[in-house]
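What follows is a single structure, written as structure tokens, with notes after it.
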2 protein chains.
Amino acid sequence: MNKFEDMQVFVRIVESGSITKAAEQLNMVKSAISQRLARLENHLGTVLIQRTTRSQNLTTAGQKYFQQCLRIIEEIEEIEAGIQQDKQALGGKIRLAAPYSFGLKHLSQAIRLFNEQHPEVIFDIDFNDRFVDLVNEGFDLGIRITQLSDSSLMARKISHSQMVLCASPAYLEKYGEPKHPNELKEPHHKIKYSSDVDMWEFKQTDGTVSKVKVPTVLVCNNGEFMTDAAIDGCGLAVIPDFICYQAIKSGSLQSILTGYQLNQPINIYAVYPQNKFLPARVRKLIDYLVDYFGQEPYWRISKNR
Amino acid sequence: MNKFEDMQVFVRIVESGSITKAAEQLNMVKSAISQRLARLENHLGTVLIQRTTRSQNLTTAGQKYFQQCLRIIEEIEEIEAGIQQDKQALGGKIRLAAPYSFGLKHLSQAIRLFNEQHPEVIFDIDFNDRFVDLVNEGFDLGIRITQLSDSSLMARKISHSQMVLCASPAYLEKYGEPKHPNELKEPHHKIKYSSDVDMWEFKQTDGTVSKVKVPTVLVCNNGEFMTDAAIDGCGLAVIPDFICYQAIKSGSLQSILTGYQLNQPINIYAVYPQNKFLPARVRKLIDYLVDYFGQEPYWRISKNR
DNA sequence: TATATTGTTCTTTAATATTGAACAATGTAA
DNA sequence: TTACATTGTTCAATATTAAAGAACAATATA
């Protein structure tokens, strides 16, 4: 039996004052209405309406049930209206710009999971390492890795990263594992990221800073390529932990000089146009990303390995 | 579509963790469950569960809807349980003793109306003018007309009555309408109720009391018979207003000496055993009767006719 | 008392849900 | 990586359930 429909029919009978009128209003035949009421009364085991051919009289049970039906029906309407509202509020497209490595390696899964929870959101993602002008190119959101400074953007830190100095075990066996920055001289050599400065700065826990310059044997602008090259033993490399953490965990690479802090820690930001109204779906995504990566992201390499 | 059942199915899917388990628990086939969920999602226009063959993942809309379904289902359970409780609380028999005239003329309709509102109450009514021993004969409730005094009973006044001195217009034309109690002597004659005293006491508004004795031509123990006899012009009669009000209203009888109060006003009581636990249905009936007859019962004859 | 209207009952017809098998998808273990 | 087991979906056939429509019963009203 269809309880909700029966309730609605009952309410209509009471409000219209007769089975015949209720049938008219519901575009049904009076026999159907009569049967539904009879079924409902039978189900409840109670007479709801004392009816003759001319008059109808709610029993006390009927009065009570009528009120309760009204409430239930209203609640269901509210629930369903609420869903429509939520859908409208969240539905729509998010145009997102993200750097290549981080985007494909970490962001894509987060977005897939978010999209499972919010299927009404449609993503339009541009994976690109070039600097993207969010405002002029019409993006809702960008992911930036570095210390950014763009006054026309709002930023929220969603995670952070650490540069890791590492090399393959074979390389270290051949050239020896340095225990102090001072030892970083020939025959050691490095793989350099294009935009990086040529000097490495090591900060000790007591604040002492050591600057060293290591000979470069390879320059490229892609962290994953650097990682592969380092695994192949091409040289030392400074790579963000979110790129190399798997190689280090599996032992293909070895983190060295872990007692020193290398460069500044890197933050990962979600940035969005300052002036633009921020849709609920974008705000929700940012919240989700903050929560997803958490305080200690899963790529973080523990110091005491 | 059966929304309520769909909700229950959805809840079962979520709680059991899979469509297959839900189908087992509901003794249905998984395809039926799958279709119902699909239909519900389609109706709401929202994905509720993000599902693969191995995992199920509630969307945020699904989480919200799940909670709301739980609430609705619980509310309906409470409503239906409440009806059963009320039914149990009110259902049962009321054994009622009532005097003949009042019972048939006035009480029966009140009880019919009460029973329409509370069909779960079953009445067992003894219409009888003899004195009924409620306690020993196992009655739940009795109706008494007079100033009762039975220490083993509790009483609640449900209405009141006035004795009316009246005669047929034909009689009054023949013997003249008395304007003062003193005029009540031969050739006037009366119809006497068996248990009534032989003297009539008239109380004036200033407190003066006149006692007169009118010759008796007819004695009986039934008010309705007395009314019929008076209508036929047999004589003067003192009859409770709840018996003769229709005859007076229609003009078959005429109330006389209305400026005097005749005897004491009579009260109508609902009485019930003092020691016995009073079931809700009996209390409800008493309340109903008090409300039904009201402060000014419909049989009351206005003084200024 | 006749009448018109209302509600109920019954059978036929229509709508809707369930079934069961085939298929597609996906995580797991070898 | 591949085969496997399990899950969910789809589809046509079947079963169940509800609605229609006519005939009937009940009851206020004129």
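Chain A is the first sequence line, chain B the second, and so forth, proteins listed ahead of strands; every chain is numbered from 1.
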A:Ser108: side chain to side chain donor-acceptor pair (under 3.5 Å) partners, not counting sequence neighbours: none

Solution key, residues 290-297 of chain A side-chain donor-acceptor pairs under 3.5 Å, sequence neighbours excluded:
residue	atom	partner	partner atom	Å
A:Tyr292	OH	A:Gln109	OE1	3.3

Parallel, tilted or perpendicular: ring planes of B:Tyr65 versus B:Phe10, cut at 30 and 60 degrees: tilted

Contacts under 3.5 angstrom, residues 17-32 of chain A side chains, donor-acceptor by atom type, not counting sequence neighbours:
residue	atom	partner	partner atom	Å
A:Ser18	OG	A:Thr20	N	3.4
A:Ser18	OG	A:Lys21	N	3.0
A:Gln25	OE1	A:Arg12	NH1	2.3

For DNA chain C, the residues among residues 30-41 of chain B that have a non-hydrogen atom under 4.0 Å from it: B:Ser31, B:Ala32, B:Gln35, B:Arg36, B:Arg39

Integer-rounded Å distance: C:dA14 C1' and A:Met28 CE: 13 Å

Contact residues, residues 2-12 of chain B to DNA chain D [heavy atom, < 4.0 Å]: none

Any side-chain heavy-atom pair of B:Thr227 and B:Leu253 under 4.5 Å: yes

Where at least one partner belongs to residues 95-120 of chain B, residue pairs that pass salt bridge (Lys or Arg N to Asp or Glu O under 4.0 Å), sequence neighbours excluded: B:Arg95-B:Asp124

Centroid separation A:Phe242 to A:His160 less than 6.0 Å: no

Salt bridge (Lys or Arg N to Asp or Glu O under 4.0 Å) against A:Arg281, all qualifying residues, sequence neighbours excluded: none

Polar side-chain atom of B:Ser252 near backbone of B:Ser250 as donor-acceptor pair, under 3.5 Å: no

A:Ile13 CD1 - C:dT6 C1' separation (whole Å): 13 Å

Outermost nucleotides of DNA chain D that come under 4.0 Å of a non-hydrogen atom of chain B: D:dA5 to D:dC11

Listed once per pair and sorted, the salt bridge (Lys or Arg N to Asp or Glu O under 4.0 Å) pairs that draw on residues 58-74 of chain B, sequence neighbours left out: A:Glu75-B:Arg71, A:Asp86-B:Lys64, B:Arg71-B:Glu75

End-to-end axis angle, where each axis spans five pairs of the helix from C:dT1-D:dA30 to C:dA30-D:dT1, to 10°: 30°

Any residue meeting salt bridge (Lys or Arg N to Asp or Glu O under 4.0 Å) with B:Lys87, in chain and number order, not counting sequence neighbours: none

Distance-only side-chain donor-acceptor flag, B:His118 / B:Tyr288, under 3.5 Å: no

Side-chain donor or acceptor of A:Thr59 paired with backbone N/O of A:Val47 under 3.5 Å: yes

Pair A:Lys3-B:Glu5, salt bridge (Lys or Arg N to Asp or Glu O under 4.0 Å): steps then yes or no: CA-CA 8 Å; A:Lys3 206 170 280 183; B:Glu5 280 183 12; over 6 Å; no

Heavy-atom donor-acceptor pair, A:Gln56 side chain to A:Ile13 backbone, under 3.5 Å: yes

Strand-adjacent residues in residues 56-70 of chain B, judged by heavy atoms under 4.0 Å from DNA chain C: none

